[in-house]
Amino acid sequence: MRTVLTLLLVALLAVPGTAAAERVAVAPGLVIAEDFPDPEVIEVGGVFHAYSTSSRHGRVPHATAPASGGPWTIRGDVLTQKPSWAGNGGFWAPDVSRRADGRFLLYFTGPSVATGRMCLGAALANSADGPFVPTSAQPLVCNAGEGGDIDPSSFVDTDGTRYLLYKNDGNAIGQPTILWLQRTAADGIGFVGGRVELLRNNQPEE
C-alpha cells in the first residue's frame, strides 16, 4: 500500500493543475524586507495586521497590509508602555486575538526583573492598531523554577472556550521543556482550573 500511495503522490505532483502541483510550485517570498521576527498575523475588517518580536521598530513592532502578500507598512510599536514587572530586554513571540467583547488581547514573552527569566504577560487594546496596555503589575505566567515561560499562543474552541498554550523554557536550566495548555476565562486573562501537560522533550533524540 505504501508503494501505491507513493506512486499516486508522484503522479499527482506531475500533473499540471492539480492541487498538489500548485502547492509545490509556490515558493515562499519576502513580504517585509525588515527585521520582523516571529510574526503573528491577523485579519481585521479587510486589513492584515502583523506583530513581531522586538526590533529597532519597538518593543512589539506592528505592520499592516491590504492583503497577506502586501505591500506591508511598518507602523511602529504597539506596546509603548513597558509592564512594570519587566526589564529592558527583548519581548518575544507576540500573539494577538480578538475577544468576544471586541477588544484585542496581546500575549507576549518578556524579561522578568524579579526572577531573571522570561515570563508571559498580557495587554489589551481597543483596536488592532494598539496601543496595548499591560493588564497587571505581575506576569501572567512565571515559573522560574521551570526555566521561565515562553511562546504564548491563544486558542478558541468551537464552543467559544478560550485557552492559553505555552511552554516552559526548561532548556535554559537543563530541564525538560513542556508544552502546556491552560483554560482561561472569556477575557483570556483569568485562569480556569489547572494547566494540562501536552508534550515534553524527554527522549534522547529530542
Side-chain angles (χ1 to χ4, degrees), residues 37-42 44 49-55 57-62 75-157 160-173 175 177-198:
D38 303 324
E40 158 79 345
V41 179
I42 63 172
V44 181
H49 297 260
Y51 310 85
S52 87
T53 283
S54 297
S55 74
H57 297 291
R59 193 169 288 117
V60 177
H62 170 232
R75 302 294 182 182
D77 189 0
V78 292
L79 188 64
T80 54
Q81 180 180 333
K82 184 179 70 174
S84 58
W85 56 265
N88 293 319
F91 284 65
W92 303 346
D95 175 274
V96 177
S97 62
R98 193 171 195 171
R99 303 193 313 190
D101 64 2
R103 302 190 75 189
F104 291 85
L105 172 65
L106 165 68
Y107 290 137
F108 57 87
T109 305
S112 166
V113 172
T115 67
R117 298 294 180 188
M118 300 300 285
C119 298
L120 307 185
L124 289 172
N126 293 323
S127 165
D129 295 308
F132 286 84
V133 178
T135 61
S136 174
Q138 301 296 326
L140 184 66
V141 180
C142 193
N143 298 296
E146 298 177 351
D149 302 281
I150 62 175
D151 298 342
S153 181
S154 58
F155 171 72
V156 181
D157 208 343
T161 304
R162 268 190 171 269
Y163 296 89
L164 167 63
L165 185 72
Y166 67 95
K167 67 182 180 183
N168 67 285
D169 195 11
N171 291 332
I173 57 172
Q175 293 186 11
T177 293
I178 303 171
L179 190 63
W180 299 98
L181 183 69
Q182 172 67 60
R183 182 178 175 181
T184 74
D187 62 6
I189 300 169
F191 290 170
V192 178
R195 62 183 183 173
V196 177
E197 179 179 331
L198 299 181

Within a 6.0 Å radius of atom CG on D157, are there more than 12 heavy atoms belonging to other residues, nucleotides or ligands?
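Atom CG in D157 is packed in, count exceeds 12.
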Who pairs with [X] by side-chain contact (heavy atoms from CB on, under 4.5 Å), at least two apart in sequence or on another chain?
X	answer
N143	V141, E146, D149, Y166, R195
P134	L79, Q81, P83
T80	D77
P37	D35, S52, T53

side-chain hydrogen bond (donor to acceptor under 3.5 Å, both in side chains) against [X], all qualifying residues, sequence neighbours excluded:
X	value
T135	none
D101	R99
R98	none

Pairs meeting criterion ring-ring contact (aromatic ring centres under 6.0 Å, His included) with involvement of residues 90-125, two or more places apart:
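For residues 90-125, and leaving out neighbouring residues, the ring-ring contact (aromatic ring centres under 6.0 Å, His included) pairs sorted by first residue read F91-F108.
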Distance check, rounded to the nearest 0.5 Å: L164 atom CG versus L140 atom CG?
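Interatomic distance, L164 CG to L140 CG, rounded to 0.5 Å: 6.0 Å.
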In Å and rounded to the nearest 0.5 Å, what is the CE to OG1 distance from M118 to T109?
6.0 Å
Applying disulfide (SG to SG under 2.5 Å) as the test, list every pair that has at least one member in residues 83-150; sequence neighbours left out.
C119-C142
For [X] versus [Y], what's the shortest heavy-atom pair and its separation?
X	Y	value
V44	A128	CG2-CB, 4.2 Å
P111	N88	CG-N, 4.5 Å
V96	E40	O-OE2, 3.0 Å
V192	A185	CG2-N, 3.8 Å
D151	L120	N-CD2, 4.3 Å

Taking the side chain as every heavy atom from C-beta outward, state whether [X] and [Y] have any atom pair closer than 4.5 Å.
X	Y	result
S54	V60	no
L105	L124	yes
F132	V78	yes
Q138	S84	no
Y51	I42	yes
L165	D95	no

Listing request: all side-chain hydrogen bond (donor to acceptor under 3.5 Å, both in side chains) pairs with a residue in residues 110-119, at least two apart in sequence or in separate chains.
S112-T115
Among pairs that include at least one residue of residues 179-188, which meet side-chain hydrogen bond (donor to acceptor under 3.5 Å, both in side chains), considering only residues two or more places apart or in two chains?
N168-W180
With sequence neighbours excluded, what pairs up with H49 under the ring pair (Phe, Tyr, Trp, His ring centres under 6.0 Å) test?
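With sequence neighbours excluded, H49 shows a ring pair (Phe, Tyr, Trp, His ring centres under 6.0 Å) to H62, given in chain and number order.
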If you measure only the distance, is there a donor-acceptor pair under 3.5 Å linking the side chains of R103 and S127?
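Result is no, nothing qualifies.
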